[in-house]
Amino acid sequence: MKEKLQDALFSAVRQVLDAADDAGEVPAFALELPKRADHGDFACNAAMLLAKRLGEPPRAIAERLAAALGDAAGLVERSEIAGPGFLNIWLSAARWQALMRTVLELGPRYGHSKQGDGRRVQVEFVSANPTGPLTLGHGRQGVLGDVLARLLEASGFEVTREYYFNNGGRQMRVLGESVRARALEQLGRAAAPPPEMFEADESDWPTEIDGLPVLFPRDGYQGGYIAVLAEEARARHGDVLDDAALGGDACRVLAQEHIFEDIRATLERMDIHFDVYSNEMDLYEEGKVEAVLQDLRETGNVYDADGAVWLRATALGLERDRVLVKSSGEPTYLLPDLAYHREKFRRGFDRVIDVQGADHIEQFPYVCAGVGALGCPAERIELLMNQFVTLTRGGEQVKQSTRKATYVTVDELIADVGRDVFRFFMIQRKAEGHLDFDLDVAESTDWKKNPAYTVQYAHARTHGIERQAAEQGVPMPNAQSVEAAELVLPEEIELLKKVAEFPAVVARAAESREPHHVAYYAREVAGLWNPYVQDRKRHRVLSEDASLTSGRLGLTLAVRGVLANALALLGLSAPERM
RNA sequence: GCCCCGGUAGCUCAGUUGGAUAGAGCAGCGGCCUUCUAAGCCGCGGGUCGGGGGUUCAAUUCCUCCCCGGGGCGCCA
């Protein structure tokens, strides 16, 4: 619909230019949905853009543009010049007929496009290291990445969802040591450092308490789940626990396995499914990390200083140089990260999107510069950054501390509010802003109060109406029989306009990597539909008037169509009754 | 000190890539109503878009300088 009008306007502008002996190009004018209904269905700014070029007032140009446009082969009912020189355009009523038919015909595909043309996109997200349960930050990132992936799929891209984790470095070693220490504490062969010691100075860290050695690392993992893992370690690796190296290693492997199992279960609860899991260790074993270092050395992008190997990032236009291999001989995380990103390109992705928390944002340019130096098209990597999540209850912020492991986990929150509410809340704000997760609202099952239920209930209501219709023996219309002519009330036109907007909303959300638009859109539809259904005094869907009833049932199905598709993109269920 | 993100109605936030009189949901006020599933429906009030300067037909949107809040600035990940 919009495309046709766009074409008609293009020719109209061409005509106006030709008449003025201007052979230049038609400017990229905007065709937008006005905020106000009395500004028409579409508004075009072409006349204003031409004002300077033609040396005439924009309103005069708009006159000629309107004349050239005419009725655009029956598409346009009328047009008006308004404001500084806008051309406001009203489409003929026949468009609603076409819209309803399209929505009913396409069903679950309404709003989808072939924009991506099968190009391959990788979305890397969550990527939490298996050192403990997923936090709300991971949860937000999970939903963000997953909904973005769904949007890209709906736009015709071939998407790979990928999870990458570091299991080769210090972090995992500390995890193993934490488990081993707890196991030996349980056996009475080591002393547990008292909690307040973690607050004290590093130098005060005890080596021995009451004759027992303190094995728990100063920066160890304090969460309660470590004790559970320790029990498992005692049962399975009791024989090697006393050996620091062997025991620590066995505990690390055991912890990674168990924790990763838990993470997968959590992802399952969020309804997030990855196609590929990658990890740092594999990159080492396949020699990919070593290869990167070698290639960087050959191309003169690294140098040695202070016993370490540095990436010459300043030569690539960045703030400072970065260490790739520490003087201890151990690589920093940046080196395997470069290897991993080079692999992404080797695997043939046209586009790579890294979903990362705000704490990683500074690192991103170094990864891009590094793989760029390796000859990869780094401009194809995108960063989708997200800020942190805070919990609010009763207007007060719920205190969380990762260090003390006193944080609410994804599992706990889902157990509390359910998957659908969890997902909706995590996606409803734009990613780069802070997300305030209001528990009072999220825990409410009142459909009017909780936006996730507002949307789902709006969908359920379309089924409620259909059930009612079936009871009364009223047939539901289909794509062929649907009739829009009876839909004339302002609130009905508003709903139809909203339904018509859906494909543009999806396209924009996908292109701009802003999934929250879909959540807002769903709320808007529900915000129109719920009052429409509820206001029985002015109108009812099911009435004595058979033709009117049929038209309104068509509207019901169209609204259901966009709600169901929006919910699917958000990864929420679309219940038929609640 | 430097970098990134935010600052829009009492609160939580949108704002279609620079457009017309800046919106939604809650909260507040007034009037109706008794449900195609759950108290709903209609209307009203409410704003120096953090502040100054600039760019142009047009700035909440782009540039610049300040203010406030959050995050980051390791041979940690």
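Reminder, nothing fancy here: chain letters follow the sequence lines and each chain counts from 1.
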Query raised in the report: Has A/F86 got its ring stacked on B/A20, by the test of a centre gap below 5.5 Å and a plane angle below 30°?
Result: yes
Report task. Would you kindly check whether a donor in the side chain of A/N88 faces an acceptor in the base of B/A20, or vice versa, at under 3.5 angstrom? Result -> yes
Query raised in the report: Any side-chain N or O of A/K430 under 4.0 Å from OP1/OP2 of B/A14?
Result: yes
Query raised in the report: Under the 5.5 Å and 30° test, is A/H39 stacked on the base of B/A20?
Result: yes
Query - Distance between P atoms of B/C26 and B/C42 (Å, rounded) - result: 11 Å
Requested in this report: Report the relative orientation of the aromatic rings in A/Y164 and A/Y340; use parallel for angles under 30°, tilted for 30 to 60°, perpendicular for over 60°.
Outcome: parallel
Query - Separation of the C1' atoms in B/C63 and B/U56, to the nearest angstrom - result: 13 Å
Query raised in the report: Which whole-number value in Å describes the distance from A/Y457 OH to B/A39 P?
Result: 9 Å
Query raised in the report: If we call it a pair only when both distances are under 3.5 Å in a Watson-Crick or G-U wobble match, what pairs with B/C33?
Result: none
Query - Atom C1', compared across B/G31 and B/G15: separation rounded to whole Å - result: 32 Å
Requested in this report: Counting Watson-Crick and G-U wobble pairs only, both distances under 3.5 Å, name the nucleotide matched with B/C62, or none.
Outcome: B/G54
Query raised in the report: Distance between the C1' atoms of B/A59 and B/A20, in whole angstroms?
Result: 14 Å
Requested in this report: To the nearest Å, give me how far apart CZ (A/F424) and P (B/U12) are.
Outcome: 18 Å
Requested in this report: Return the nucleotide paired to B/G1: Watson-Crick means purine N1 to pyrimidine N3 with N6-O4 or O6-N4, wobble means G-U with N1-O2 and O6-N3, both under 3.5 Å.
Outcome: B/C73
Query raised in the report: Between B/G6, B/G72, B/U16, which nucleotide gets closest to the side-chain atoms of A/E362?
Result: B/G72
Query raised in the report: What integer number of Å spans the C1' atoms of B/U48 and B/A9?
Result: 14 Å
**Report entry** Whole-Å gap separating C1' (B/A14) and CD (A/E524)
**Finding:** 8 Å
**Report entry** B/A27 and B/U12, which share atom name P, separated by this distance in whole Å
**Finding:** 15 Å
Query - Where A/M172 and A/N166 come nearest, the two heavy atoms and their spacing - result: CG-O, 3.7 Å
Query - Whole-Å C1' distance, B/C68 and B/C49 - result: 16 Å
Query raised in the report: Counting only Watson-Crick or G-U wobble pairs whose two distances fall under 3.5 Å, which nucleotide matches B/C26?
Result: B/G10
Query raised in the report: Does any donor-acceptor pair link the side chain of A/T332 with the base of B/C75 at a separation under 3.5 Å?
Result: no
Query - Gap in Å between the two P atoms, one belonging to B/U17 and one to B/U34, rounded - result: 45 Å
